[in-house]
> 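Dropping a structure here in structure tokens format, bear with me for questions.
Every value quoted in this text rests on a predicted model; they were computed, and no experiment measured them.
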Amino acid sequence: MAGMWKEFSKGLWAELPPFRLLLGLCPTLAVTTTAENGFGMGMAVVFVITLSSFIVSLIRKIIPKKVRIACYITVAASLVVAVELLMQAYAYPLYQQLGIFVPLIVVNCLILGRAEAFAGKNPVHLAVADGLGMGLGFTLSLTFLGAVRELFGTGSVFGMEIMGASFEPVKFMVAAPGAFVALGLILAGMNYLSIVQAKRRGEPAPENPSTGCHACRACAGRK
């Protein structure tokens, strides 16, 4: 259980996919004009990454190494088709909002990255914990980014009015450049927090706070 919790929890902060690993940035920037869109895309990714990690780990010993990437893509593509059909049946307005980015989950670097780096090398229970944690971390990230952009861009969150009638929306935030600005500010805030936490623990300041990489003799020896 301790091992499962460790693999699950790392995706919620230490290796938060868009903000720490900088993976899956295409949908992160493209669909987060609202919190609802971010949450919907995140839940679709949770479904795909959790089940793909389960399946890849289950069949990892019988996949030929030379075609493993093709196998991972095939597994992900099958699950994405299932997600598309479910969204068309039960959440069609959201499916229309997300558009082409739903089928593009197949080539999301987060899905393939976890299959290659973890699920293909670890037992099923750890692979599922890793996939679920990464998926939920991705969902929280997209929902938060979407909420920030929606709040300042329209004055609401999840369609509920927050800022009041006197608020003047910053339309820039729900435009494409606003995604880059909002993401950059969030990354800067998290990096600053990582540096402060490292100083409080008496550790060296991270060389690359986004990935949690600390200055150490091993890194220094490779320079």
Side-chain angles (χ1 to χ4, degrees), residues 1-28 31-32 36-91 94-95 98 101-146 190 210-213:
M1 288 299 294
M4 291 182 65
W5 172 250
K6 178 183 177 181
E7 301 303 338
F8 172 79
S9 61
K10 69 185 181 185
L12 302 179
W13 180 257
E15 297 183 17
L16 199 60
F19 302 150
R20 296 291 192 185
L21 303 180
L22 300 182
L23 294 176
L25 291 184
C26 183
T28 299
V31 306
T32 54
E36 182 181 5
N37 286 357
F39 180 77
M41 174 57 73
M43 292 308 297
V45 170
V46 168
F47 178 88
V48 174
I49 193 173
T50 303
L51 288 182
S52 67
S53 294
F54 170 78
I55 295 171
V56 167
S57 178
L58 199 64
I59 63 176
R60 70 186 189 281
K61 294 182 179 180
I62 63 174
I63 298 178
K65 290 185 178 181
K66 292 183 179 180
V67 296
R68 66 185 187 282
I69 300 299
C71 292
Y72 299 161
I73 293 175
T74 301
V75 170
S78 302
L79 294 170
V80 169
V81 171
V83 166
E84 284 192 273
L85 294 175
L86 288 171
M87 293 184 72
Q88 289 176 16
Y90 299 106
L94 177 61
Y95 175 77
L98 299 180
F101 292 98
V102 176
L104 283 179
I105 293 174
V106 174
V107 291
N108 190 320
C109 54
L110 176 60
I111 308 294
L112 297 179
R114 298 322 295 172
E116 171 69 8
F118 197 88
K121 302 174 183 177
N122 288 277
V124 172
H125 65 289
L126 294 180
V128 170
D130 174 80
L132 184 59
M134 289 291 173
L136 290 177
F138 188 76
T139 302
L140 292 173
S141 301
L142 265 64
T143 304
F144 178 71
L145 180 58
M190 293 186 68
S210 293
T211 59
C213 179

> Can you tell me which residue among Thr139, Val83, Val48 is in a side chain to side chain contact (heavy atoms under 4.5 Å, CB included) with Met43?
Thr139

> Do Ile111 and Val45 come within less than 4.5 Å of each other through their side chains, counting heavy atoms only?
yes

> Considering non-hydrogen atoms only, spot the tightest contact between Gly11 and Leu16 and give its length.
O-CD1, 3.3 Å

> Could you go step by step and tell me if Thr50 and Phe54 meet the side-chain contact (heavy atoms from CB on, under 4.5 Å) rule?
CA-CA 6 Å; Thr50 303; Phe54 170 78; 5.9 Å; no

> For residues His125 and Glu7, determine if any side-chain heavy atom of one lies less than 4.5 Å from a side-chain heavy atom of the other.
no

> Where is the tightest heavy-atom contact between Phe138 and Gly42, given as atom of each residue plus distance?
CD2-CA, 4.2 Å

> Would you say the side chain of Leu126 lies within less than 4.5 Å of the side chain of Phe118, judging by non-hydrogen atoms?
yes

> With no hydrogens and no angle check, is any side-chain donor or acceptor of Ser57 less than 3.5 Å from a backbone partner on Asn122?
yes

> Step by step, would you call Ser52 with Tyr72 a side-chain contact (heavy atoms from CB on, under 4.5 Å)?
CA-CA 8 Å; Ser52 67; Tyr72 299 161; over 6 Å; no

> To the nearest 0.5 angstrom, please state how far the CD1 atom of Ile49 sits from the CG atom of Asp130.
7.0 Å

> Check whether any side-chain heavy atom of Val128 lies under 4.5 Å from a side-chain heavy atom of Met4, and answer yes or no.
no

> Which value, rounded to the nearest 0.5 Å, describes the distance between Lys61 atom NZ and Ile59 atom CD1?
13.5 Å

> Looking only at non-hydrogen atoms, find the nearest pair between Cys71 and Ile63 and report the distance.
SG-CG2, 3.7 Å

> Checking side chain to side chain contact (heavy atoms under 4.5 Å, CB included) against Pro17, which of Leu136, Leu110, Leu140 comes through?
Leu110

> Which heavy atom of Cys109 sits nearest a heavy atom of Gly24, and at what distance?
SG-N, 3.2 Å

> Is the shortest heavy-atom distance from the side chain of Phe8 to the side chain of Leu132 under 4.5 Å?
yes

> Apply side-chain contact (heavy atoms from CB on, under 4.5 Å) to Met134 and Leu21, showing your working.
CA-CA 10 Å; Met134 289 291 173; Leu21 303 180; 4.1 Å; yes

> Is there side-chain contact between Trp13 and Met190, with heavy atoms separated by less than 4.5 Å?
yes

> Assess whether atom CZ of Phe47 is packed by more than 12 heavy atoms of other residues, nucleotides or ligands within 6.0 Å.
yes

> Taking side chain as C-beta onward, heavy atoms only, is Arg60 less than 4.5 Å from Lys121?
no

> Measure the shortest side-chain to side-chain distance between Thr28 and Ser141 over non-hydrogen atoms and say whether it is less than 4.5 angstrom.
no

> Check Glu84 against Tyr95 and note the closest heavy-atom contact, atom names and distance.
OE2-OH, 3.1 Å

> Do Thr74 side-chain atoms and Ala70 backbone N/O form a donor-acceptor pair below 3.5 Å?
yes

> Considering all heavy atoms of both residues, which atom of Val106 and which atom of Ala77 are nearest to each other, and what is their separation?
CG2-CA, 3.7 Å

> Can you measure from CG (Leu112) to CG (Leu23) and round to the nearest 0.5 angstrom?
10.5 Å

> Scan Leu94, Thr32, Ile105, Val46 and name whichever one has a side chain to side chain contact (heavy atoms under 4.5 Å, CB included) with Met41.
Ile105

